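If you're wondering where the values come from, they're calculated on a predicted model, not measured in any experiment.
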Amino acid sequence: EITKEQQAFMKVIVDSYNRHQIPQDVTKKLLQEQYSAEENFILLTEMATSQVQVLVEFTKNIPGFLSLDHEDQIALLKGSAVEAMFLRSAQVLSTKMPNGHTEVLEERIRNSGISEEFMTPMFNFYKSIGKLHMVQEEQALLTAVTILTPDRPFVKDHPAVERLQEPMLEVLRKLCALHHPREPQYFARLLGRLTELRTLNHYHTEMLTSWRMNDQKFTPLLCEIWDVQ
Ligand SMILES: CC(C)c1onc(-c2c(Cl)cccc2Cl)c1COc1ccc(-c2ccc3c(C(=O)O)c[nH]c3c2)cc1
């Protein structure tokens with residue numbers, strides 16, 4: 001059912017997804033540093049900064065992305081960074097990482113100055129992603145589909161982005177049928193998570209504002225991608 005060229009197309013994306021991960025020396029700090037809201041925020045900032053760098057490299061390998069208008073490339077990255085990082089952190093939190101990152105990451109997120117009102121929707125999302133038991137190919141494709149969402153703010157050439165997103169949605173649909181044969185609605189549930197991600201964007205904007213109110217500092221890369229400071 002998945003054609004030869006779709007398989008090759010998918011392999012490029014999945015290999016790039018697996019190749020571009022936060023380096024061990026960064027993630028292992030999650031286990032080492034002591035726990036305080038201050039230290040947790042600093043660590044999470046480092047993780048987010050490193051994750052954005054990883055995201056940019058992954059995105060550059062998505063077939064056709066680099067031939068998009070350059071301003072649209074930036075608009076797509078800025079518009080999807082938070083959602084892609086929710087997907088990535090959801091994967092870490094739901095797959096019981098052997099190195100104990102899961103508990104540690106959750107603990108640090110829960111104690112980093114994020115107000116209670118955002119914890120519920122955030123961790124509901126994490127739970128809903130965990131329940132899907134996505135295979136790695138689905139995670140890679142879903143991240144690529146999220147990045148190539150045409151209706152981000154300031155994207156000029158919508159059709160060009162749609163033309164790149166469509167074949168990825170088609171491969172993702174076939175993957176879902178292949179890996180979850182007894183769940184015909186699995187693909188629809190997966191896309192439903194993308195809708196939930198959009199709502200988390202709004203919560204995240206408020207999280208940034210409350211962090212900034214407490215004079216928390218971000219890195220230049222995060223300031224640039226989130227238009228802060
Ligand atoms: C600026 C800071 C405070 C911030 O603001 N909003 C959010 C934020 C939050 Cl708190 C939740 C969701 C999305 C965002 Cl942007 C964050 C923190 O963002 C991240 C991003 C990514 C990881 C992350 C990635 C990979 C791995 C990994 C592996 O690959 O092995 C093991 N551990 C990982 C951890 C953690 C935190």
Side-chain angles (χ1 to χ4, degrees), residues 21-22 26-55 77-134 138-139 142-143 145-147 149 152-153 189-219 221-229:
Q21 306 271 341
I22 292 186
V26 177
T27 56
K28 78 171 186 299
K29 288 172 88 172
L30 273 173
L31 301 165
Q32 285 162 347
E33 309 298 331
Q34 91 267 15
Y35 286 89
S36 69
E38 190 50 40
E39 184 54 43
N40 291 343
F41 178 83
I42 291 166
L43 259 183
L44 291 175
T45 300
E46 199 173 330
M47 304 301 288
T49 305
S50 182
Q51 186 65 30
V52 167
Q53 289 161 339
V54 161
L55 260 182
L77 278 166
K78 288 176 72 150
S80 65
V82 170
E83 293 180 17
M85 289 202 273
F86 264 108
L87 284 175
R88 180 68 192 147
S89 51
Q91 186 191 334
V92 174
L93 290 170
S94 52
T95 44
K96 290 286 155 215
M97 307 283 275
N99 41 22
H101 281 182
T102 309
E103 296 73 20
V104 163
L105 178 62
E106 171 158 353
E107 170 59 31
R108 293 194 188 272
I109 291 178
R110 285 192 183 280
N111 177 20
S112 58
I114 298 172
S115 74
E116 226 13 70
E117 69 185 288
F118 305 135
M119 283 301 165
T120 312
M122 268 174 77
F123 281 89
N124 284 346
F125 174 75
Y126 286 140
K127 246 197 296 306
S128 68
I129 284 283
K131 280 195 203 109
L132 286 171
H133 302 294
M134 272 192 273
E138 289 163 345
Q139 279 161 6
L142 191 66
T143 303
V145 160
T146 302
I147 294 165
T149 297
R152 296 293 187 198
R189 285 169 63 207
L190 212 48
L191 298 189
R193 298 284 71 82
L194 295 188
T195 311
E196 194 177 350
L197 269 176
R198 299 274 186 131
T199 62
L200 291 173
N201 260 328
H202 299 301
Y203 285 119
H204 189 267
T205 306
E206 298 191 16
M207 278 159 62
L208 284 181
T209 309
S210 63
W211 271 321
R212 289 173 62 207
M213 256 103 83
N214 304 335
D215 224 11
Q216 295 282 24
K217 289 276 168 286
F218 299 101
T219 58
L221 179 59
L222 293 178
C223 291
E224 196 180 321
I225 205 147
W226 290 337
D227 292 327
V228 293
Q229 262 135 359

Atom pairs and distances, side-chain donor-acceptor, residues 109-123, under 3.5 Å, sequence neighbours left out:
{"unit_1": "Arg110", "atom_1": "NE", "unit_2": "Glu106", "atom_2": "OE2", "d": "2.8"}
{"unit_1": "Arg110", "atom_1": "NH2", "unit_2": "Glu106", "atom_2": "OE2", "d": "3.2"}
{"unit_1": "Ser112", "atom_1": "OG", "unit_2": "Ile109", "atom_2": "O", "d": "2.9"}

Please answer whether the main-chain N or O of [Y] pairs with a side-chain N or O of [X] as donor and acceptor at a distance below 3.5 Å.
| X | Y | value |
| --- | --- | --- |
| Thr143 | Gln139 | yes |
| Thr199 | Glu196 | yes |
| Arg108 | Leu30 | yes |
| Ser80 | Glu83 | no |

Working for side-chain contact (heavy atoms from CB on, under 4.5 Å), residues Arg198 and Thr149: CA-CA 11 Å; Arg198 299 274 186 131; Thr149 297; 2.9 Å; yes
Taking all non-hydrogen atoms of both residues, which atom of [X] and which atom of [Y] are closest, and how far apart?
| X | Y | result |
| --- | --- | --- |
| Gly130 | Ser94 | CA-CB, 3.5 Å |
| Thr146 | Arg152 | O-NH2, 3.0 Å |
| Gln34 | Glu39 | O-CG, 3.2 Å |
| Met85 | Ala48 | SD-O, 3.7 Å |
| Ile22 | Ser50 | CG2-OG, 3.5 Å |

Quick one: does [X]'s side chain get under 4.5 Å of [Y]'s, heavy atoms only?
| X | Y | value |
| --- | --- | --- |
| Leu194 | Leu142 | yes |
| Leu200 | Val82 | no |
| Leu77 | Val52 | no |
| Thr45 | Gln216 | no |

Derivation of the side-chain contact (heavy atoms from CB on, under 4.5 Å) call for Ile129 and Met134: CA-CA 8 Å; Ile129 284 283; Met134 272 192 273; 3.9 Å; yes
Parallel, tilted or perpendicular: rings of Phe218 and Trp211 (30°, 60°): perpendicular
Straight-line distance of [X] [atom1] to [Y] [atom2], nearest 0.5 Å:
| X | Y | atom1 | atom2 | answer |
| --- | --- | --- | --- | --- |
| His133 | Lys131 | NE2 | NZ | 9.5 Å |
| Leu31 | Glu103 | CG | CD | 9.5 Å |
| Gln51 | Leu44 | CD | CG | 12.0 Å |

Residue pair Arg193, Ser128: steps toward the side-chain hydrogen bond (donor to acceptor under 3.5 Å, both in side chains) verdict: CA-CA 8 Å; Arg193 298 284 71 82; Ser128 68; 3.2 Å; yes
Working for side-chain contact (heavy atoms from CB on, under 4.5 Å), residues Glu33 and Asn40: CA-CA 8 Å; Glu33 309 298 331; Asn40 291 343; over 6 Å; no
More than 12 heavy atoms of other groups within 6.0 Å of Tyr126 OH: yes
Neighbour count above 12 (heavy atom, 6.0 Å) for Gln21 CD: yes
Glu107 and Val104: CA distance, side-chain angles, deciding distance, side-chain contact (heavy atoms from CB on, under 4.5 Å) verdict: CA-CA 5 Å; Glu107 170 59 31; Val104 163; 5.6 Å; no
Full working for side-chain hydrogen bond (donor to acceptor under 3.5 Å, both in side chains) between Thr219 and Thr49: CA-CA 7 Å; Thr219 58; Thr49 305; 2.8 Å; yes
